Amino acid sequence: EPEVTQTPSHQVTQMGQEVILRCVPISNHLYFYWYRQILGQKVEFLVSFYNNEISEKSEIFDDQFSVERPDGSNFTLKIRSTKLEDSAMYFCASTHATPATNEKLFFGSGTQLSVL
Amino acid sequence: KNEVEQSPQNLTAQEGEFITINCSYSVGISALHWLQQHPGGGIVSLFMLSSGKKKHGRLIATINIQEKHSSLHITASHPRDSAVYICAVPPQGGSEKLVFGKGTKLTVNP
């Protein structure tokens with residue numbers, strides 16, 4: 001089965017530093033997502049991306065966050081100046097159509113971000 | 001906003017037992033997703049259903065749209081089924097995102 005690939009699997013950074021989390025979605029998928037899960041809490045939506053632009057974002061996704069699809073295959077999440085509370089597992093996901101339309105969502109294995 | 005409630009939060013079973021995990025949501029939806037989160041953290045989509053019942057191997061998912069309720073059943077449970085099972089639904093209004101429940105942590109003992 002095709003896979004969503006995320007790198008790195010673990011990232012440790014100092015507070016205030018910039019981090020870039022990378023994802024390679026499934027090649028024929030059209031919708032791309034970032035979700036995060038703080039330890040012990042439920043998975044939360046950050047942002048969705050379609051047709052080379054952000055289609056929806058949550059309150060969490062403030063000016064410190066940005067997403068890009070620079071080369072048609074990679075999908076990146078950048079956090080400009082990390083805070084302690086950004087420590088979480090970040091999941092990339094992709095699908096061929098929106099999850100509201102009976103389409104399965106494919107998740108990457110996640111990047112565990114630790115901000116010290 | 002769609003609120004998702006799962007029960008139970010934790011479930012311990014003996015190998016071979018029949019398992020039921022429940023999910024209720026507050027707003028009518030077009031599709032409900034059941035996901036499995038492995039102990040290492042990875043998330044796998046198990047089912048996505050909009051009506052009736054779906055079966056895959058030992059897993060069965062049902063949904064009652066009128067009652068806004070879904071169940072995930074595992075027959076002949078096995079220790080490898082130990083994981084967190086999560087229900088997720090789209091919020092109202094044609095949003096592209098999913099709203100996740102807190103999950104049910106299942107432990108199956110040999």
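All values derive from a computational prediction rather than experimental measurement. Residue numbers start from 1 in every chain, and the chains themselves are labelled A, B, ... in the order their sequence lines are given, proteins ahead of strands.
- Applying the 6.0 Å contact sphere to NZ of Lys83(A) captures more than 12 heavy atoms from other residues, nucleotides or ligands.
- With values rounded to the nearest 0.5 angstrom, Leu105(A) atom CG is found 9.0 Å from Ile43(B) atom CD1.
- A 6.0 Å sphere centred on CD of Glu85(A) holds more than 12 heavy atoms belonging to other residues, nucleotides or ligands.
- Contact count versus chain B (heavy atoms, under 4.5 Å) is highest, among Gly108(A), Gly110(A), Ser58(A), Ser55(A), for Ser55(A).
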Could you give me the CA-CA distance, side-chain angles and deciding distance for Phe107(A) and Leu35(B), then say whether side chain to side chain contact (heavy atoms under 4.5 Å, CB included) is met?
CA-CA 10 Å; Phe107(A) 285 84; Leu35(B) 307 133; 3.7 Å; yes
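- Heavy-atom neighbours of Asp62(A) CG from other residues, nucleotides or ligands within 6.0 Å: above the threshold of 12.
- For the atom pair CD of Gln37(B) and NZ of Lys42(A), the computed distance is 14.0 Å after rounding to the nearest 0.5 Å.
- Taking NZ of Lys97(B) as the reference point, atom CD of Glu44(A) lies at 10.0 Å (rounded to 0.5 Å).
- Here the two rings, on Phe100(B) and Tyr35(A), have centers that are under 6.0 Å apart.
- Enclosure of atom CD in Glu3(A) is not indicated, since only 12 or fewer non-hydrogen atoms of other residues, nucleotides or ligands lie within 6.0 angstrom.
- When the shell of 6.0 Å around CG of Leu84(A) is examined, it contains more than 12 heavy atoms from other residues, nucleotides or ligands.
- Around the CD atom of Gln64(A), the shell of radius 6.0 Å holds more than 12 heavy atoms that belong to other residues, nucleotides or ligands.
- Ser45(B) and Lys104(A) make their closest contact through OG-CG, 3.1 Å (heavy atoms, listed as atom of the first residue, atom of the second, distance).
- Between Phe45(A) and Leu98(B), the shortest heavy-atom distance links the atoms CB-O, 4.2 Å.
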